[in-house]
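Chain A is the first sequence line, chain B the second, and so forth, proteins listed ahead of strands; every chain is numbered from 1.
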Amino acid sequence: MQEKKLGDYIVTVEKINKTFPNGVCALREFSTRIRRREVVVIIGPSGSGKSTFLRCLNGLEEIDSGSIVIDGIPLDENKKNRWEIRKEVGMVFQSFNLFPHKTVLANITLAPRLVRKKSNDEAAEMAMDLLRKVNIPEKAESYPSQLSGGQQQRVAIARALAMHPKVMMFDEATSALDPEMIGEVLDVMKNLAEEGMTMIVVTHEMGFAREVSDRVVFMEDGYIVEEGTAEHFFTNPQKERTKLFLSQIL
Amino acid sequence: MLQKKSKITTLDVFVLLALLGALVYVVYQVKVKLNYNWQWGIIPQYLFRYDAESGKWVSNYLIHGLLTTLRLSFWGTLLATILGTVMGLLRVSKSLFHKMLARSYVELMRNLPPLVIIFIFYFFISDQIMPIIGLDDFLRSSSAGTQRLFETLFSPPQFASAFISALFTLAIFEGAYITEIVRAGIESVEKGQWEASHALGLSKYHSMRHIILPQAMQRLLPALAGQFISLIKDSAIVSVISIQELSYQGTQLMASTYLTIEIWITITALYLVMTLTFSLGVGKLEAYMAKSQA
């Protein structure tokens with residue numbers, strides 16, 4: 001991948017804490033900043049707070065303290081701000097969460113029509129462009145249950161992109177897929193990164209991390225153990241814990 | 001799927017056969033031991049009678065009663081579904097007030113005998129509310145066409161307030177059960193669906209209307225249809241406030257003809273025709289839904 005220019009900071013997270021009602025502490029004084037066009041890969045053992053971090057960024061989980069600012073908008077009590085952020089941050093889930101009662105096309109056009117107030121034709125045209133981008137234009141009239149897991153996840157990516165988000169988050173987007181389908185989803189994500197999308201990716205795909213990411217963040221117990229460029233991270237990790245984790249998964 | 005459908009049909013047939021067997025046994029016992037004087041010949045004229053004036057066959061008491069029961073059930077289900085959906089939405093609302101309102105409604109209705117509810121509503125709606133609305137006066141002064149329309153859709157104009165109170169009572173009573181069906185349906189939709197619509201920036205209203213409720217409704221359609229059958233059966237209870245539905249006509253005819261057994265067997269058959277027809281329909285519906293979901 002050729003060298004790309006990163007922009008100013010689009011996501012600023014300062015000292016956020018999150019403890020679940022059952023007493024599990026998912027995030028501790030967690031801080032990070034993410035630049036425009038940056039691809040950040042978050043790795044770590046399960047229960048380390050990776051998914052919780054993503055879910056806090058778009059308000060799916062409430063933070064207990066700290067601050068989150070996305071593209072100049074603070075995620076606070078103000079409902080309008082929260083809604084604005086939800087529109088600007090796209091999310092792809094491990095379990096796809098497509099709407100099973102709607103066709104692929106309707107899945108993609110729903111939010112643009114209702115939230116962005118696009119006309120039916122305009123939304124449909126954009127949806128078809130996106131389906132071509134994720135290589136399944138022929139499935140526009142199918143229902144999610146008629147698609148393979150990889151196809152469903154690509155539709156889910158197209159659905160999130162249809163809102164023209166400024167940041168895309170992937171929460172273990174390939175973890176629920178059969179091995180032979182992981183590649184097709186990763187390819188779509190790679191293309192997206194090359195187009196300059198700001199991406200926060202929680203994944204266990206180390207190949208993707210090495211190849212595409214600008215920065216790798218290793219989390220455990222709700223805080224950052226180590227972070228750095230992919231090259232630094234995989235060839236020359238500093239912390240013992242990181243070395244141990246990498247030796248277990250590589 | 002096909003298996004499920006045929007299972008329900010077999011069960012229905014089995015129940016029907018068992019009922020017939022029991023019936024034959026009872027009839028035999030009555031005939032042999034009671035020396036009962038069967039007069040089946042009199043019954044058909046209460047279904048249809050020949051009108052000498054117009055020279056045509058017209059429906060009589062029992063068919064009138066059957067139609068009234070169907071009208072009550074149809075409108076009652078419609079109203080109960082609307083009420084149940086609204087209350088079901090309140091039931092899953094985050095607002096404590098909404099939740100308590102819907103919960104009180106459900107608990108009150110489910111923990112009172114329907115007979116008591118009927119009397120309360122009848123005397124309240126019929127005596128207090130109806131004169132205020134002025135439905136009777138409106139019908140009396142309206143054109144013959146309007147009156148006929150009202151009679152076709154609901155009841156003869158002279159029984160309007162009783163019919164409307166009965167309708168509301170049934171709707172409010174059944175609505176409590178539908179509330180719980182709707183709540184269960186909404187709660188059965190996976191959390192991921194809410195999260196996906198949230199992440200796309202959909203408002204709560206849009207999520208509910210376009211994502212959650214359609215899926216919930218699809219799942220609870222069979223349960224709702226079952227509730228419709230319940231309503232057909234429960235509608236018999238409004239005979240106590242002189243709504244001229246099937247059971248009421250039965251008691252009236254019994255009083256005037258003393259053909260107790262013949263009349264109630266006929267009434268039983270008529271109820272079964274209605275409920276079993278719908279029950280078969282529900283079976284078909286379930287099979288269809290299972291197929292379309294696959």
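- With a 4.5 angstrom heavy-atom cutoff, Leu98(A) touches chain B only via backbone atoms.
- For Phe99(A), the parts sitting under 4.5 Å from any heavy atom of chain B are the backbone and the side chain alike.
- Using a 4.0 Å cut-off between charged side-chain N and carboxylate O, Glu195(A) and Lys133(A) make a salt bridge.
- When only modelled atom types and interatomic distance are considered, Ser95(A) and Asn97(A) share a side-chain donor-acceptor pair under 3.5 Å.
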field: Chi angles and distances behind the side-chain contact (heavy atoms from CB on, under 4.5 Å) call for Thr77(B), Glu174(B)
entry: CA-CA 8 Å; Thr77(B) 303; Glu174(B) 300 290 330; over 6 Å; no
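- Heavy-atom distances place both the backbone and the side chain of Arg159(A) under 4.5 Å from chain B.
- Residue with the most contacts toward chain B among Pro112(A), Ala162(A), Ala156(A), Ala111(A): Ala111(A) (heavy-atom pairs, distance under 4.5 Å).
- In terms of non-hydrogen atom pairs under 4.5 Å with chain A, the most contact-rich of His198(B), Gln193(B), Glu190(B) is His198(B).
- Looking only at heavy-atom pairs under 4.5 Å with chain B, the residue among Met169(A), Arg55(A), Arg86(A) that has the most is Arg86(A).
- Taking a cutoff of 4.0 Å between a charged side-chain nitrogen and a carboxylate oxygen, Lys50(A) and Asp171(A) do not qualify as a salt bridge.
- Among Glu195(B), Lys191(B), His206(B), the residue making the largest number of heavy-atom pairs under 4.5 Å with chain A is Glu195(B).
- A donor and an acceptor atom, one from each side chain of Thr198(A) and Arg37(A), are nowhere located under 3.5 Å apart.
- A salt bridge links Arg82(A) with Glu62(A): at least one charged nitrogen is closer than 4.0 Å to a carboxylate oxygen.
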